[in-house]
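Here is the structure we will look at.
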Amino acid sequence: MKKKILFLFAFILLFSSLLMLSVSAEEETPDTSKVENIYVYNIENDKVLYTKNQKDKIAPASTVKMMTGIIAIEHYKDRFGDTITIKKESLEGCLGKKIYLKEGENVTVEDLINATVCGGANDAANVLAYEIAGSVDAFVTMMNDKAKSIGMKNTNYTNPNGYSDASMYTTAEDTAILAKYVYQNVEFMDICSKTFYTMPKNNISKTRYVYNSNYFIGTNVETKYKNSEVKGMNAGSTVEGGGVLVTSVSKKGITNIYVMMGAQQDESNIYSYLTADKFIDWSYDSFGYKKIVDPGEMVCEMEVKLSSTVDYVVLSPDKTIEVYLPSSVDLNKDIKREIKLFEKKLEAPVGAGHVAGTMTLTYEGKVIGEVNLVTKNNVDRNGFLYLMARIESLTKSPKFKITIFCVIACVLIYSVSTVYAKSRRSKYRYKYTNKRKKK
């Protein structure tokens, strides 16, 4: 029997240890040795969750097409159905990934934008640049102006497709700024999240199927990285820039952006996807919304006068506050509460919901919330206690004291005057009596 108990006890200890190790592993930052530049960001709370070499100047690679795509979407707006005839000069010098557009081919704006944003086609990006600005160089100027206007301070574009150029650079931080910007555009996010786009046949070419260049989404080339949670935004690789991946996940009311740049690749693995996958799990395990204030909790008690039923009333928050915080935060130790009451005591009657003070909450020295402190229940007034309190208040008031002083002064004056008058009359009677006796 003892052996069984000892065995059970040992099993429980082993299971508990394994559980603690698994929890610890969940919160551990993923291995980043295969990715040079990383930026993980939460949109709703404008919070940076993780960075690595985020300010290093690096080759932007295919992320350039995010800028090309968003400029084109904003430029054409409701004119996606417009037809464009491909010109020879718009295809000159175009290298890298292409859908092999041909001179004289009639395509729509929608075709070109989908080929650029979803498929990562360099020739489609070049044609858009030429059609929007009149030349590739003029479009590049628009790209750099746009970058500055949205806060990208360390980026310089030299072409609209991301093909390697020694003069072109960006940072993981700037790429995240661009990702935040394009995320706000519904059309862009719809296009970059498609599995593929069907480009209909035209006057020259047959039907084309443009597959998403992001292996999280497109599965025509590789299926092992498939992740149904992600949306867009861009993926690719160059010799100089390595593997790049910009994607987003939205669940539990939380949207995160993941930027992986300078990722390694071998015969078996593309580490931009593997590392991003781990960061997706880590970010949702390690951060989330915590309820730091609840209207049902009792914050403090406050003394109440003039009630025959209670001496104190409970004060509670007037609303719920949930804050995006690290999962490891201890609400009792790490969240500081500063209570400020408007008065020392309350006087009945007091209605439920009466605002009696405020409570400010801080985390790591920053204010993360503020609530009013309100009474939970009604408190009735006792009539007799109220009367006695009024009498007491009256007797302590300056007016009452002045009145009493005046009354006393008048009484004293009257008394002195009366005594003085009596004294005068007595003296008069004494003199008059003495005169009559002498006669």
Does a salt bridge link D82 with R79, judged by any charged N lying under 4.0 Å from a carboxylate O?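 Yes, this pair counts.
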Legend entry - Residues E343 and K305 bridged, charged N to O under 4.0 Å: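 No, no charged N to carboxylate O under 4.0 Å.
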Search all heavy atoms of I191 against all heavy atoms of N114 and return the closest pair with its distance.
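I191 and N114 have their closest heavy atoms at CG2-OD1, 3.4 Å.
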I'd like to check the side chain to side chain donor-acceptor pair (under 3.5 Å) partners of [X]; sequence neighbours left out, ordered by chain and number.
X	value
D78	none
S135	none
Y163	none
N159	none

Mind checking side chain to side chain contact (heavy atoms under 4.5 Å, CB included) for [X] and listing every partner two or more places apart, or none if nothing turns up?
X	result
T207	T198, K201, Y209
D311	none
V249	E229, V230, K251, Y258, I280, Y284
D145	T141

Next item on the list: Can you sort out the partners of K319 under salt bridge (charged side-chain N to carboxylate O under 4.0 Å, His left out), two or more places apart, ordered by chain and number?
Entry: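 Salt bridge (charged side-chain N to carboxylate O under 4.0 Å, His left out) list for K319, sorted by chain: empty.
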- Task: Under the salt bridge (charged side-chain N to carboxylate O under 4.0 Å, His left out) rule, collect the residues that match up with E74, sequence neighbours excluded.
- Result: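 Expected list: K146.
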| message | Taking the side chain as everything from C-beta on, heavy atoms only, tell me whether K180 gets closer than 4.5 Å to Y183. | response |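 K180 vs Y183: side chains apart.
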Do T375 and L346 touch side chain to side chain, with heavy atoms closer than 4.5 Å?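 They are in side-chain contact.
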Could you walk me through whether V374 and L315 pass the side-chain contact (heavy atoms from CB on, under 4.5 Å) test, one step at a time? CA-CA 5 Å; V374 299; L315 299 184; over 6 Å; no
| task | Would you list the pairs meeting side chain to side chain donor-acceptor pair (under 3.5 Å) in which at least one residue belongs to residues 88-98, sequence neighbours left out? | result |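 Matches after skipping sequence neighbours: E89-Y130.
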For residues 161-173, which residue pairs qualify under salt bridge (Lys or Arg N to Asp or Glu O under 4.0 Å), counting only residues two or more places apart or in two chains?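 Checked against salt bridge (Lys or Arg N to Asp or Glu O under 4.0 Å) - neighbours excluded - the pairs reaching residues 161-173 are K55-E173.
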